[in-house]
Chemist: 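This is the structure, below, for whatever I ask next.
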Amino acid sequence: MSQRRNLYYTDGSAARKVGYAPDYERNPSRRTNTAPERQHVQRASQQKAQSKKRSPQADKALAFDFKYTVFVVASVAIMVCACIYMLYMESRINEQQNNINAMTSKLEKLENENAAFEMSLNNMYTLDDIYDVAANELGMVYAKKGQIVYYESANEDYVKQYQDVPSAN
């Protein structure tokens, strides 16, 4: 008992502390069950007392002050407004996309109708119908032999007439 050895032991954490081992830890026959229980109870009561003895500065540091509360409320308000604006813009984009799709289908329909009308106009009059209207209603006739005069032009882009076309005899 007079000789105490330095032993390593752990007290509530993984950190090792150097200390003397009590007699009951060295000799199991002398071990009493009450000593460790008393130490455990004493430690718990000491920790409670220390937690109750917090300084006013620590209490003030843990409490929310007015500036912090205003900052948190403003931050939350900004986030809520940003989320609402994002949802609003997303709904506008969806609405415009639906509008574009509707206009695209309307354009395709109009292009198909236009192509059908153009086809019907092209097929409406044949060359025989045109000749019949020109000959019967307008009094036009085909040119006879000798009525067509061919001449050569220096500039083939256009023709400018300065005098009457000579007759071909």
Side-chain angles (χ1 to χ4, degrees), residues 8-18 40-41 43-169:
Y8 290 100
Y9 70 96
T10 304
D11 186 23
S13 69
R16 296 185 161 215
K17 295 182 183 179
V18 176
H40 180 68
V41 171
R43 284 186 193 145
S45 63
Q46 287 175 355
Q47 288 175 354
K48 286 181 184 177
Q50 287 177 355
S51 65
K52 288 181 182 177
K53 293 180 183 178
R54 268 192 259 156
S55 68
Q57 291 174 346
D59 288 340
K60 189 175 182 181
L62 293 176
F64 291 112
D65 61 341
F66 182 71
K67 292 178 187 176
Y68 181 74
T69 306
V70 168
F71 174 74
V72 168
V73 168
S75 300
V76 169
I78 289 171
M79 288 301 295
V80 167
C81 290
C83 290
I84 290 171
Y85 184 71
M86 183 196 71
L87 291 174
Y88 170 72
M89 292 304 289
E90 188 174 328
S91 69
R92 284 196 55 199
I93 288 171
N94 289 338
E95 181 181 327
Q96 288 179 351
Q97 187 66 33
N98 293 338
N99 216 3
I100 288 170
N101 291 339
M103 287 182 164
T104 303
S105 64
K106 189 175 181 180
L107 176 65
E108 288 177 5
K109 181 181 175 186
L110 289 174
E111 284 177 346
N112 290 338
E113 287 178 6
N114 190 23
F117 284 134
E118 185 178 352
M119 191 69 122
S120 68
L121 284 176
N122 288 339
N123 293 334
M124 183 182 284
Y125 298 110
T126 62
L127 290 177
D128 293 334
D129 292 336
I130 293 172
Y131 176 77
D132 186 45
V133 169
N136 296 333
E137 293 180 18
L138 300 175
M140 299 174 77
V141 292
Y142 275 117
K144 295 182 181 172
K145 196 172 190 177
Q147 287 181 331
I148 299 175
V149 177
Y150 294 101
Y151 65 95
E152 292 196 25
S153 172
N155 189 357
E156 295 185 16
D157 289 343
Y158 65 96
V159 175
K160 201 170 200 179
Q161 183 178 348
Y162 291 109
Q163 57 187 354
D164 290 338
V165 177
S167 61
N169 291 357

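Below, all heavy atoms of this structure are taken into account, side chains as well, without hydrogens, waters or symmetry copies.
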Chemist: I need the Asp132 CG to Thr126 OG1 distance, nearest 0.5 Å.
Modeler: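 So the gap between those two atoms works out to 9.0 Å.
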Chemist: Side-chain atoms of residues 94-103: list all donor-acceptor pairs with protein atoms under 3.5 Å, sequence neighbours left out, distances to 0.1 Å.
Modeler:
from: Asn94; atom 1: ND2; to: Glu90; atom 2: O; distance (Å): 3.4
from: Asn98; atom 1: ND2; to: Asn94; atom 2: O; distance (Å): 3.3
from: Asn101; atom 1: ND2; to: Gln97; atom 2: O; distance (Å): 3.3

Chemist: Return the minimal non-hydrogen interatomic distance between Asp129 and Tyr125, and the atom names on each side.
Modeler: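 Taking every non-hydrogen atom into account, OD2-CA, 4.1 Å.
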Chemist: Give a yes or no on this: more than 12 heavy atoms of other residues, nucleotides or ligands lie within 6.0 Å of atom CD of Glu113.
Modeler: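 Counting other residues, nucleotides and ligands, CD of Glu113 exceeds 12 neighbours.
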Chemist: Who are the side-chain contact (heavy atoms from CB on, under 4.5 Å) partners of Val80, not counting sequence neighbours?
Modeler: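 Expected list: Val76, Ile84.
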Chemist: Just by modelled atom types, is the Ala134 backbone N or O under 3.5 Å from a matching donor or acceptor in the Glu137 side chain?
Modeler: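 No, Glu137 side chain to Ala134 backbone: no donor-acceptor pair under 3.5 Å.
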Chemist: Just do the side-chain contact (heavy atoms from CB on, under 4.5 Å) check on Val70 and Lys67 with the steps written out, would you?
Modeler: CA-CA 5 Å; Val70 168; Lys67 292 178 187 176; 5.8 Å; no
Chemist: Are there over 12 heavy-atom neighbours, none belonging to Leu107, within less than 6.0 Å of that residue's CG?
Modeler: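 Check passes, neighbour count above 12.
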Chemist: Can you list everything that forms a ring pair (Phe, Tyr, Trp, His ring centres under 6.0 Å) with Tyr142? Sequence neighbours excluded, please.
Modeler: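 Checked Tyr142 against ring pair (Phe, Tyr, Trp, His ring centres under 6.0 Å); matches are Tyr131.
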Chemist: Does any part of the side chain of Lys109, heavy atoms only, come nearer than 4.5 Å to the side chain of Lys106, both counted from C-beta?
Modeler: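 Counting from C-beta outward, Lys106 and Lys109 never come under 4.5 Å.
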Chemist: If you round to the nearest 0.5 Å, how far is CG of Leu110 from CZ of Phe117?
Modeler: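 It is 10.0 Å, given to the nearest 0.5 Å.
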